[in-house]
Amino acid sequence: MLIYFIGPGGAGKTTAAKLLSAEFGFDYYDLDEYFMQREGDITQYITRHGYKEYAARNIQLFMQLQIKYDLNKIMIIVCSSGFMTYPHDIHQDYIKIKDEIESHIFTFLMLPSLVLETCVQEIVARQMNRAYLNPVRAKEELKIRQRFQLYLNLRCRVLFTDQIPDQVAANVKQILDTLNKVKQGSNKS
C-alpha cells in the first residue's frame, strides 16, 4: 500500500509518518529529507538555482521514491509543502503525478483547520518552533496564505491535525484500515 501525506509545512505530515512507522512498521520517506540527502540544504539550493529548478529536481526525486515502493509493504511518501502547488509547466510529468496523488485513495491532505486564520496561526506557530528552518514569521504566514486555497481545491481526503500527534496517527491508521477493507471487498466482487 502506498500512502501520500500532503499539505503545508508544520501540518504534522512527518510527525504522523514517523509515529506510524514506529508503531506499525510502515516505511516512510520524507521528500524534504530525501532532497537534503541528495542535494544539501534546500534554502541554499533555491538561492543557487532558483525555485523552479528546485521544484523540478524535487519532482525527479519524488519519482525516485516511487520506484522504491515494494508492493508487499506499506510505504508513506511525505511530500514537500509546496509539492501540490507547483506551476503545471514545472516538469513534463508533473500534471500526471499531481493528478495521481490527488486521486489516490490513500492520499491525506493534512491541515489543522479549514478556517484560514486558524490554519495560519497554527502553522506559523509550529514553523517558528523549528529553529533548523531559520523561519521568518512574515514569510511563513505569506506562504500558507498563498497556498491555502490551492490546498482546499485538491480533490482528496482531508485529515485534521489539530490534535496531539498520537491521535492524528491513530486516525490515519483507522481510516487506512477502513479503506483497505472496502478496497478488498470491492476486489472480491
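Count residues from 1 along the sequence.
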Check whether any side-chain heavy atom of Glu117 sits under 4.5 Å from a side-chain heavy atom of Arg145, and report yes or no.
yes

Are Leu142 and Ile144 linked, directly or through intermediate hydrophobic residues, by side-chain heavy-atom contacts shorter than 4.5 Å (ILVMFWY only)?
no

Identify the heavy atoms of Leu20 and Ala169 that sit nearest to each other, and give their distance.
CD2-O, 3.5 Å

Do Leu31 and Phe83 make a side-chain contact, defined as non-hydrogen atoms from C-beta onward lying under 4.5 Å apart?
yes

With the side chain counted from C-beta on, respond yes when Glu53 and Tyr45 share a heavy-atom pair under 4.5 Å apart, and no when they do not.
yes

In sequence, state the C-alpha distance, the side-chain angles, and the governing distance for Met75 and Asp70, and then conclude on side chain to side chain contact (heavy atoms under 4.5 Å, CB included).
CA-CA 8 Å; Met75 182 172 114; Asp70 177 344; over 6 Å; no

By ring pair (Phe, Tyr, Trp, His ring centres under 6.0 Å), which residues pair with Tyr28, not counting sequence neighbours?
none

Shortest non-hydrogen separation from Ser21 to Phe26 and the atoms involved:
OG-O, 2.9 Å

If you count the non-hydrogen atoms of other residues, nucleotides and ligands that lie under 6.0 Å from CD in Glu23, is the total more than 12?
no

Taking all non-hydrogen atoms of both residues into account, name the closest pair between Glu102 and Cys156 and its distance.
O-CB, 3.5 Å

Do Phe148 and Tyr151 make the cut of ring centroids closer than 6.0 angstrom?
no

Nearest 0.5 Å, please: how far is CG in Asp93 from CE in Met63?
5.0 Å

Stepwise side chain to side chain contact (heavy atoms under 4.5 Å, CB included) test for Tyr69 and Ile77
CA-CA 10 Å; Tyr69 174 52; Ile77 296 179; over 6 Å; no

A quick test of your reading: do over 12 heavy atoms of other residues, nucleotides or ligands sit less than 6.0 Å from CD of Gln37?
yes

May I ask you to test the Asn180-Leu176 pair for a side-chain heavy-atom distance under 4.5 Å?
no

Please determine if Glu140 and Lys143 form a salt bridge, counting it only when a charged side-chain N lies under 4.0 Å from a carboxylate O.
yes

Please determine if Glu122 and Arg126 form a salt bridge, counting it only when a charged side-chain N lies under 4.0 Å from a carboxylate O.
yes

Leu109 with Leu116, same ILVMFWY side-chain cluster at under 4.5 Å:
yes

Counting N and O atoms only, with roles assigned by atom type, does the side chain of Asn153 sit under 3.5 Å from a partner on the main chain of Gln149, one being a donor and the other an acceptor?
yes

Between OG1 of Thr85 and NZ of Lys98, what distance do you get to the nearest 0.5 Å?
8.0 Å

Roughly how far apart are Asp162 CG and Leu159 CG, rounded to 0.5 Å?
9.5 Å

Beyond-backbone contact of His91 with Tyr86, side-chain heavy atoms, under 4.5 angstrom
no

Between Asp177 and Lys181, is the closest basic N to carboxylate O distance under 4.0 Å?
no

Of all the heavy-atom pairs spanning Ser81 and Gly9, show the shortest one and how long it is.
CB-N, 3.1 Å

Check whether any side-chain heavy atom of Gln44 sits under 4.5 Å from a side-chain heavy atom of Arg48, and report yes or no.
yes

Report the C-alpha distance between Arg157 and Leu179 in whole Å, list the side-chain angles of each, state the deciding distance to 0.1 Å, and finish with yes or no for side chain to side chain contact (heavy atoms under 4.5 Å, CB included).
CA-CA 11 Å; Arg157 180 177 322 284; Leu179 290 174; 3.2 Å; yes

Atom pair CD1 (Ile97) and CD1 (Ile90), whose distance is rounded to the nearest 0.5 Å
12.0 Å

What one should report as the nearest heavy-atom pair of His104 and Leu2 is NE2-O, 2.6 Å

Value for CD1 (Ile76) from CG (Leu65), rounded to nearest 0.5 Å, stands at 13.0 Å

Can a donor-acceptor pair be found between the side chains of Tyr4 and Gln66 at a distance below 3.5 Å?
yes

With rounding to the nearest 0.5 angstrom, report the CZ to NZ distance, Phe24 to Lys173.
5.0 Å

Is there a donor-acceptor pair under 3.5 Å between the side chain of Thr161 and the backbone N or O of Met110?
no

Taking the six-membered ring for Trp, are His88 and Tyr94 parallel (under 30°), tilted (30 to 60°) or perpendicular (over 60°)?
tilted

Does any part of the side chain of Pro112, heavy atoms only, come nearer than 4.5 Å to the side chain of Thr118, both counted from C-beta?
no

Does some side-chain heavy atom of Met84 sit less than 4.5 Å from a side-chain heavy atom of Leu150?
no

State yes or no: do Val115 and Val158 share one hydrophobic cluster built from I, L, V, M, F, W and Y residues joined by side-chain heavy-atom distances below 4.5 Å, directly or via other members?
no

Applying side chain to side chain contact (heavy atoms under 4.5 Å, CB included) to Phe62 and Ile101, what does each step give before you reach the verdict?
CA-CA 11 Å; Phe62 172 85; Ile101 293 170; 3.5 Å; yes

Heavy-atom pair with the smallest gap, counting every atom of Ala17 and Val78
CB-CG2, 3.6 Å

Check for me, please, whether Tyr51 and Ile59 land in the same ILVMFWY cluster - side-chain distances under 4.5 Å, paths through other members count.
yes

